[in-house]
Structures are given as structure tokens and as C-alpha cells.
Amino acid sequence: MSIRAEHVVWDWNGTLLADNHAVLAAVNRICRDFGRDAVTLDHWRDTYSRPLKDCYERLLARTLTAVDWARIDLVFHEEYRAALHGCGLADGVPDLLRSLPRTQSLLSMWFHDELVPTITELGLADLFTRVDGLRAEVGGGSKAEHLAAHLDAQRLRPDQVVVIGDVVDDADAARHVGARVVLVATGVSSRRVLERAGVPVADSIPEALAHLA
């Protein structure tokens, strides 16, 4: 079944940016700091969920205090940034995006003041009608309210929009506003986890775009 949409809202981390190795390095730094054995990427992809605090409580088998959570957030981003230089773009990016006959925007839960310079440096900024990243100091929450604000700022009706992301939270956010969604099994969630969301799941950006009418 083809999805009709006039506008695509892209996720960044794990969708357009192939950053799994950086994420895993950061997660295993947290495991080390909290006395847990390192995990494999497959293990993390089956564990990942939002809210992230709940996810890390399952991973570390402990209740996290506010101090713990602040430490996890600091350690993750410190380690992730150290590995970020080795991350590339997903297959098909940017060529397929440049040929897409739809308007596009970018909504990420990565920090806005780091996201914008990154996509600018990569030559992607001109692809998007709007770019929004996280403007809070600490992340980990749902994307739903951010998506609603992102669409409102562009005066887009949800029925005009398809969201393409790599985690179940992207599907939940799309449902929250009434948009369509395609998930790609390229990031921090396995295909098995994504299929539970009951939405189309693709194995690549080209395959995700093939779902669009």
C-alpha cells in the first residue's frame, strides 16, 4: 500500500545519520561507569525505548536517581560526540532526498545548536524547509509534542505529512498528531521491535521512500 503525502519529516540520528557505532560506544561507557558488562548492538536495539530513563533502568537493573540520570546524560553525550566524527550518512543520502518531489523538513531529538552546524557542514541544510532539534538541556522524553510544534510552525496539516524515523517513538509521535509514518530498521531499534508498532517498516532509506506514492 502506497502512502500519499506532500511533505516528509525526517528523523536524524539512526535515520539519515548512520551513527550506531557512536551510540553503542556511548551506551557501553555508561554500562562501564555503572558496573554493568558491555552490551552488543543487537542487545541495545532490542532494549531501546523511550522514555530513556526507563530504558536505562532496565538496562542497568536499578532505579535511577536524578543525579544518576544527569550523569548518564552527560556521559552519553560526551562519548557520543567523541565518536561522531566517524559517522557517515545513510545509503541514498543525500541523492535520493534531492530527487524527492516533496517538501522535506528535519526534526531531531539531538541538540539544535549542534544539529544545525552539522547538517550545514554536510551540505544538507538546503534540503529542508525547517530544521528543529532539542532545545532543552537534558533529553530523553517523547517526540510527540516536538512534532506537533514542528508542523504548526510550518502550517502543515498532519494528513499531508509522513514521518520517517528509526524508533517506535517516531511512530507514536506521528499517531499523536495524525500523520503517517514509515520506520527504518537502520538505527537503534531492531526490525522485530519496530514491527510491533504496526506501521510500515523498511530496511533502508531507498526502501522507505518506495512506500511513498
Side-chain angles (χ1 to χ4, degrees), residues 1-5 8-28 30-31 36-61 76 80 83-84 86-97 100 102 104 106-110 139-144 146-147 158 161-213:
M1 178 179 177
S2 295
I3 296 173
R4 295 190 177 276
V8 177
V9 176
W10 292 99
D11 173 57
W12 178 241
N13 304 89
T15 303
L16 298 181
L17 182 70
D19 64 350
N20 283 343
H21 74 280
V23 170
L24 187 63
V27 169
N28 278 328
I30 291 167
C31 288
R36 191 206 192 283
D37 291 342
V39 298
T40 64
L41 180 59
D42 285 344
H43 182 96
W44 178 243
R45 295 180 84 222
D46 282 337
T47 302
Y48 178 89
S49 66
R50 284 180 177 267
L52 280 176
K53 184 171 179 287
D54 296 345
C55 173
Y56 278 103
E57 286 185 337
R58 292 197 310 277
L59 178 71
L60 301 173
F76 179 93
Y80 179 87
L84 190 56
C87 297
L89 296 172
D91 290 344
V93 181
D95 294 345
L96 287 177
L97 277 65
L100 192 64
R102 292 167 175 82
Q104 305 166 76
L106 182 63
L107 176 63
S108 174
M109 300 298 277
W110 182 244
S142 172
K143 202 173 194 175
H146 298 277
L147 178 59
V161 172
V162 60
V163 175
I164 301 181
D166 72 311
V167 295
V168 171
D169 188 54
D170 291 307
D172 291 341
R175 286 196 185 101
H176 176 78
V177 301
R180 306 293 294 276
V181 64
V182 178
L183 298 177
V184 286
T186 56
V188 294
S189 289
S190 66
R191 171 175 271 276
R192 179 171 60 255
V193 169
L194 297 180
E195 286 176 343
R196 295 175 195 154
V199 300
V201 178
D203 290 317
S204 66
I205 296 296
E207 187 180 326
L209 291 176
H211 282 276
L212 307 187

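- Looking at every heavy atom in both residues, Tyr48 comes nearest to Cys55 through CA-SG, 3.7 Å.
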Which is it for Leu194 and Val168 under the side chain to side chain contact (heavy atoms under 4.5 Å, CB included) test, yes or no, and what are the steps along the way? CA-CA 6 Å; Leu194 297 180; Val168 171; 4.2 Å; yes
Could you check His146 against Leu107 for side chain to side chain contact (heavy atoms under 4.5 Å, CB included), going step by step and ending with a plain yes or no? CA-CA 8 Å; His146 298 277; Leu107 176 63; 4.3 Å; yes
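- Residue-environment remark: CZ (Arg192) stays at or below the threshold of 12 foreign heavy atoms within 6.0 Å.
- Every residue meeting the salt bridge (Lys or Arg N to Asp or Glu O under 4.0 Å) condition with Asp172, not counting sequence neighbours, appears here in chain and number order: Arg175.
- Proximity of a side-chain donor or acceptor of Thr186 to a complementary backbone N or O of Gly14 within less than 3.5 Å is detected.
- Put simply, the side chain of Asp91 never gets that close to the backbone of Ile205: no donor and acceptor are under 3.5 Å apart.
- Rounding to the nearest 0.5 Å places OG of Ser190 at 8.5 Å from CD of Glu195.
- Ring orientation note: the planes of Phe76 and Tyr80 are close to parallel, at an angle under 30° on the 30°/60° scale.
- Counting only heavy atoms from C-beta outward, the side chains of Cys31 and Asn28 approach each other to under 4.5 Å.
- Side-chain contact check for His21 versus Cys87: some heavy-atom pair is nearer than 4.5 Å.
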Given the rule in the side chain to side chain contact (heavy atoms under 4.5 Å, CB included) test, do Leu59 and Val27 qualify, once you have shown the distances and angles that lead to the verdict? CA-CA 10 Å; Leu59 178 71; Val27 169; 4.0 Å; yes
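- Ala171 and Ala197 make their closest contact through CB-CB, 4.2 Å (heavy atoms, listed as atom of the first residue, atom of the second, distance).
- A distance of 13.0 Å separates CG of Asp11 from CH2 of Trp110, quoted to the nearest 0.5 Å.
- Rounded to the nearest 0.5 angstrom, Ile164 CD1 and Trp10 CH2 are separated by 3.5 Å.
- Rounding to the nearest 0.5 Å gives a distance of 6.5 Å between CG of Leu183 and CG of Asp170.
- Partners of Asp54 according to the salt bridge (Lys or Arg N to Asp or Glu O under 4.0 Å) rule, which considers only residues two or more places apart in sequence or in another chain, do not exist here.
- Across all non-hydrogen atoms, the minimal contact from Gly187 to Asp166 is CA-OD2, 3.2 Å.
- By the 4.5 Å heavy-atom criterion applied to side chains, Asp203 and Arg191 are counted as neighbours.
- Put simply, the side chain of Arg45 never gets that close to the backbone of Val193: no donor and acceptor are under 3.5 Å apart.
- Within the 4.5 Å cutoff, no side-chain heavy atoms of Leu97 are placed close to those of Val8.
- Closest of all the heavy-atom pairs between Ser108 and Asn13 is OG-OD1, 3.3 Å.
- Nearest heavy-atom pair, Glu207 versus Val201, reported as atom, atom and distance to 0.1 Å: OE2-O, 3.9 Å.
- Between Ala179 and Val163 the shortest heavy-atom distance is CB-CG2, 4.5 Å.
- In this structure, Leu24 CG and His43 NE2 are separated by 10.5 Å, a value rounded to the nearest 0.5 Å.
- Note that NE2 of His176 and NZ of Lys143 are 13.5 Å apart. Values are rounded to the nearest 0.5 Å.
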Is there a side chain to side chain contact (heavy atoms under 4.5 Å, CB included) between Val199 and Val182 once you walk through the steps? CA-CA 7 Å; Val199 300; Val182 178; over 6 Å; no
